Protein chains: 2
Amino acid sequence: MSAQLQEQIHITDVAPRDGLQNQAIHLATADKLRLIELLVDAGVASIEAASFVSPKAVPQMADAAELLPQVQSRFPALRTSVLVPNLKGLERAHAAGAREIAVVLSASETMNRKNINMGLDQACEVSEQTLAAARALGLRTRAYVAVAFDCPFEGATPLDAVLRLAARMHAAAADEIVIADTIGSAAPGQVKQRLGALRGVVPVERLAVHFHDTRGMGVANAWAALEAGVRRFDASVGGIGGCPFAPGAAGNVATEDLVLMAELSGFATGISLPGLVAAVDFAQDRLQRPLGGRAITWLRRPRS
Amino acid sequence: MSAQLQEQIHITDVAPRDGLQNQAIHLATADKLRLIELLVDAGVASIEAASFVSPKAVPQMADAAELLPQVQSRFPALRTSVLVPNLKGLERAHAAGAREIAVVLSASETMNRKNINMGLDQACEVSEQTLAAARALGLRTRAYVAVAFDCPFEGATPLDAVLRLAARMHAAAADEIVIADTIGSAAPGQVKQRLGALRGVVPVERLAVHFHDTRGMGVANAWAALEAGVRRFDASVGGIGGCPFAPGAAGNVATEDLVLMAELSGFATGISLPGLVAAVDFAQDRLQRPLGGRAITWLRRPRS
């Protein structure tokens, strides 16, 4: 399809945050920087670098304030987002020089309570306050709508709840609204249906998707999202990840799987597959467990 | 999506033929029967049971004439297809009581030469003769168009070649024309494009697709085919398989992955996932290697 005009898709690699946050082995700040450097070398233009949450809750993210300024000074052209749970987190992120922040709002009552010990209404207000404050500081913003398909505690998430929260995050002027299949339970028919409805409440160019690959449908879901007109994707190099608060959630869809699918399907990503494999190899060595998405065996094949 | 009217999709499990043909361990006829029984128990309504090729070329299929009558007498309602390479194979299949046969035609010159030692034109004529003879015998017929995306020897297969061969197989009155991604190189954008074009030369209800999962895109490709209106799919339980004549080809898309995706996306398959997992477990035990598609870990998870 190389003769066609290639449309660009935008990938945010969330391995440094969503990927690492619940790994058994904690990476040193220098190793996180090296992983980010490998991603930048591969052509990744946007990452989620850290989260400014309680170090007690997520010890792997305790070096956020140390890591962020180093990332931003070494890779000034890299879009570098950090997750903040509330105004206090925003304050810490701002003090560390953050230029882009993300808030996470779950679309079910129970998930918010388990994750941040608040009900849905209160969580939504906290997200709105945080977005407004970030905007006042001139920061770029992302708003996650988590468990947007199924909640591990409540089952199927009502589409109405997702639409309502996405509309509120849009009204709160979030630059990107990230529809997250937090436990990796979505199937492409559902992605098509939900994104079709979401396009009615949020301009499609502000929509992003965040898929986990628990049931091996991450790439199929990404294709369904592309077909629905979405051009912004989260992914995690090597499929590193999983959500510590969502039982049974596996890693994110692997960046290399997404890039392979998108490029072969006629989209430009700006990202090099061998470059991503180098990042997977590095992460695998440091985390001491096999990593890589569904295509990794093929990507690592010997070349003649 | 249970409240919606569910459209049916038709799955042919090719594990007994495409799956087993190049496995290191040869299954006894009784084990093949047991595998087929487990598939029938799971709700599979169509299988590819064997191939009537030279036992020297494919020793695993040497018991075709013994297996087929047993399958058909034990499971009279099961659609049971067998692969025949030519008129001689058809004669043997007919003598064994075959009710449905499949021919395989590769869409590249080199693949035909490597596979059956004929050029493309001659291979096409042989397929046409075999289909005509099968029709005269009152058999149901399938015609594979192999390497319909890429050829391991020639690279990208010209779409024109695929369209021309599919049109010829349709003119030869094949009941189903199976578009095969023999080496598992296709991506959903290509599937969408090629099936869109194929619908112009073959009625969509006669089109089937056969994907391999070499690059982890089998399920995404199946979704693209569903979106293109195709409702007939090959798959192999446990992802068993690979093509002995196509370097680098991994197993077929796993039946359990396809069923999971289709059911969650609002289609009816008539197939039980726990039933398929039982078949995977049996095949794994007999073939003495780990089997299962991309969702197998999730499908085997402990239930509370």
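Because the structure is predicted, anything quoted here is derived from the model rather than measured. Any value given below was found using the heavy atoms of this structure, including those in side chains, with hydrogens, waters and symmetry copies removed. So you know, we letter chains A, B, ... as the sequences are listed, proteins then strands, and number each from 1.
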(message) Can you give me the closest heavy-atom contact between Ser265(B) and Ala187(A), atom names plus distance?
(response)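 Nearest heavy atoms, Ser265(B) then Ala187(A): OG-CB, 3.5 Å.
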(request) Using atom types as modelled and distance alone, determine if a side-chain donor or acceptor of Arg294(A) lies under 3.5 Å from a backbone N or O of Arg215(B). (result)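 The answer is no, because no donor-acceptor pair under 3.5 Å joins these two groups.
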(message) Quick one, Asp257(B) with Met217(A), criterion side chain to side chain contact (heavy atoms under 4.5 Å, CB included). Give me CA distance, side-chain angles, the key distance, then yes/no.
(response) CA-CA 8 Å; Asp257(B) 288 351; Met217(A) 283 190 286; over 6 Å; no
(request) First locate atom CG of Leu264(A), then atom CZ of Phe149(B), and finally report the distance between them rounded to the nearest 0.5 Å. (result)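 Result: 11.5 Å between the selected atoms.
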(request) Measure the spacing between CG of Asp213(B) and CH2 of Trp298(A) and express it to the nearest 0.5 Å. (result)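 These two atoms lie 13.0 Å from each other.
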(request) Counting only heavy atoms closer than 4.5 Å, note whether Ala224(A) contacts chain B via side chain, backbone, both or neither. (result)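 Both backbone and side chain of Ala224(A) come within 4.5 Å of chain B.
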(message) Report which part of Ser185(A) has an atom under 4.5 Å of a heavy atom belonging to chain B: side chain, backbone, both, or neither.
(response) backbone
(message) Using a 4.5 angstrom heavy-atom cutoff, name the option from Pro188(A), Ala156(A), Ala186(A) with the most pairs to chain B.
(response) Pro188(A)
(request) Please list, in residue-number order, every residue in residues 267-274 of chain A that has a heavy atom less than 4.5 Å from any heavy atom of chain B; write 'none' if there are none. (result) none
